[in-house]
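Heads up: the structure comes next, in structure tokens.
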Amino acid sequence: MNMRFDLKYLNGGDDVFGPNYGGATIYTVTRRGYSAECPNIGHLLANLKFSLRGESEMMAAILDRHEQPDIAAAEWLKTNPTASKAWLGGVLTFDGKPAYAALAHSAPPPRPGGFEQWIISHKIPVGDAMAVAIDTIKTHGTFVFDGISIVIRGMVDGVTAALRMLPAPALIVGIAALAYVLRRSWTLMAFVALALLFILNQGYWIATLETLSLVLVATFASAAIGVPLGIAAAHRPRLFAALRPVLDLMQTLPTFVYLIPTLVLFGLGVVPGLISTVIFALPAPIRLTHLGISSVPRPLIEAGQSFGATPMQLLWKIELPSAATTIIAGITQCIMLSLSMVVIAALVGAGGLGVPVVRALNSVQVGMGFEAGFTIVLLAIILDRMSRPKERGVSQ
């Protein structure tokens, strides 16, 4: 509740909102005979009545003054003796005395004092500052965010439309053929074809295409940003030292935290889901590209320099070919991380395979949840097997 403003209802509020301006009575149901066995609890449950102002005062003490809930409750009961006396009517202590009299003479919970209380009372306004910053950015950057939304939504919708234009059998054959071209494995080709046929059979084909388009766009964006940053960080140690804490924060921050500002700035839809996916998956290509470029053998670099190669020639002809396996591994991890955001993205309206998962979770439909989850697993295996770098000395 926490009513921070003195709100006034119009005349006739009971007629519009219902009795007591829409107030509701909540009953606690107990088993038969419970009130007789535990009369104190029975009296307390029958007497409990909460007002809007009382709830607001309690929430203000907890949220605004940062008091512990037990301390806030004890202080509120002490300053509102009428309410507490009405609640404890008929309630007795173990020795048969009125509970209200015992409560009046009881000591409140000890407040934190000294350094702890000083720290609590001088809270750094991190949340308030972020809220003000987001509101300011949203107010003055509407056109920018609208443009970003149009571009992202257009890319995802375009890829999805291109995939849906192809008949399902043709797309299955094409993906299976691509798997053979990439891996030279008849076993993988057969698995890809059977897995896609199973997805089509289960009725999740369109949702799979939506998820695939989201993963492809997110991976393309993450690689386009992450690989150049990783190369730059490998050649500039100070840049990597500055990027390291940012990457650590991006990898450890809960994904739901990303959704809060993006949802406020861009609204429901595929845009906040895709931006959160890119932020979540971006550290993988940056770190592994940096690792690959940094791990290029020094003799190769010196050989190129001895033949007069420029820095750009060293990058394209020595460093990138030598680090290609590690860079591809980073892109593969980026694909897997993007796919892991499917359910999270569905919570903000991104669509795809996360929609049936969320729906099954909300309605406790075990069958639908297992079907959608198994479909996500199959899609993850397909993308992983097709995109992972080839292992040297191991036949595919």
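Source: prediction; values computed, not measured.
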Parallel, tilted or perpendicular: which describes the rings of F374 and F198, with under 30° parallel and over 60° perpendicular?
perpendicular

Output the distance between atom CZ (F191) and atom CD1 (I382), rounded to the nearest 0.5 Å.
6.0 Å

Before giving the answer on side chain to side chain contact (heavy atoms under 4.5 Å, CB included), spell out for R385 and R183 the whole-Å C-alpha distance, their side-chain angles and the decisive distance to 0.1 Å.
CA-CA 8 Å; R385 295 297 185 271; R183 314 306 299 177; 5.8 Å; no

Run the salt bridge (Lys or Arg N to Asp or Glu O under 4.0 Å) test on R287 and D248 for me, step by step, so that the C-alpha distance in whole Å, both residues' side-chain angles and the decisive distance to 0.1 Å come before the verdict.
CA-CA 10 Å; R287 287 186 182 277; D248 293 339; 2.4 Å; yes

Between the CD1 atom in I231 and the NE2 atom in H290, the distance rounded to the nearest 0.5 Å is 11.5 Å

Which heavy atom in A179 sits nearest to a heavy atom in V192, and how many Å separate them?
CB-CG2, 4.0 Å

Could you check whether the rings of W87 and W76 sit parallel, tilted or perpendicular, using 30° and 60° as the cut-offs?
parallel

The reported gap from CG in L274 to CD1 in I148 (rounded to nearest 0.5 angstrom) is 11.5 Å

Please check: side-chain N/O of T219 versus main-chain N/O of L216, any donor-acceptor pairing under 3.5 Å?
no

Could you please spell out the steps behind the side chain to side chain contact (heavy atoms under 4.5 Å, CB included) verdict for N80 and E57?
CA-CA 11 Å; N80 293 269; E57 292 172 352; 4.2 Å; yes

Any donor-acceptor pair under 3.5 Å linking the side chain of T289 with the backbone of I286?
no

Counting only heavy atoms not in F220, do more than 12 fall under 6.0 Å of its CZ?
no

Under the 3.5 angstrom rule, does the side chain of Q313 hit a backbone N or O of T310 as a donor-acceptor pair?
yes

Please tell me whether I301 and I327 are part of a single hydrophobic cluster in this structure, the criterion being side-chain heavy atoms less than 4.5 Å apart.
no

Quick one: does any side-chain atom of T332 pair with a main-chain N or O of S387 as donor and acceptor, under 3.5 Å?
yes

Taking all atoms of both residues into account, what is the closest heavy-atom pair of S276 and L259, and its distance?
OG-CD2, 3.2 Å

Taking every non-hydrogen atom, the tightest pair across F307 and A303
CD1-O, 3.0 Å

Transitively linked via ILVMFWY side-chain contacts under 4.5 Å: M155 with V270?
yes

Is any side-chain heavy atom of L44 closer than 4.5 Å to a side-chain heavy atom of L88?
yes

Under 4.5 Å between side-chain heavy atoms, hopping through other hydrophobics if needed: is there a path connecting I152 to I150?
no

Could you walk me through whether L209 and V159 pass side chain to side chain contact (heavy atoms under 4.5 Å, CB included), step by step?
CA-CA 9 Å; L209 296 183; V159 175; over 6 Å; no

Set out, in order, the CA-CA distance, both residues' side-chain angles and the distance that settles side chain to side chain contact (heavy atoms under 4.5 Å, CB included) for I376 and T211, then state yes or no.
CA-CA 9 Å; I376 294 174; T211 297; over 6 Å; no

How long is the straight-line distance from CG of L353 back to CD of E371, given to the nearest 0.5 Å?
12.0 Å

Out of curiosity, L379 CG to Y204 OH, how far, rounded to the nearest 0.5 Å?
14.0 Å

To the closest 0.5 Å, what do you measure between CZ (R153) and OG1 (T160)?
12.5 Å

Backbone N or O of L337 within a donor-acceptor pair of the S340 side chain at under 3.5 Å?
yes

Stepwise, does the salt bridge (Lys or Arg N to Asp or Glu O under 4.0 Å) test hold for R32 with E37?
CA-CA 10 Å; R32 180 179 299 177; E37 296 175 6; over 6 Å; no

Check L200, L197, T375 against W205 for a side-chain contact (heavy atoms from CB on, under 4.5 Å) and give me the one that passes.
L200

What about W316 and L300, same hydrophobic cluster or not, with Ile/Leu/Val/Met/Phe/Trp/Tyr joined at side-chain heavy-atom distances under 4.5 Å?
no

Note: A372 and V357 closest approach over all heavy atoms is CB-CG2, 3.6 Å

Is there a chain of hydrophobic side chains (I, L, V, M, F, W, Y, each step under 4.5 Å between heavy atoms) that links F370 to L339?
no

Distance-minimising heavy-atom pair for H43 and V91:
CB-CG2, 3.9 Å

Donor-acceptor pair, S322 side chain versus E319 backbone, under 3.5 Å?
no

Output yes when a side-chain donor or acceptor of N47 lies under 3.5 Å from a complementary backbone atom of G89, and no otherwise.
yes

Minimum heavy-atom separation for G330 and L288, please, with both atom names.
CA-CD1, 3.1 Å

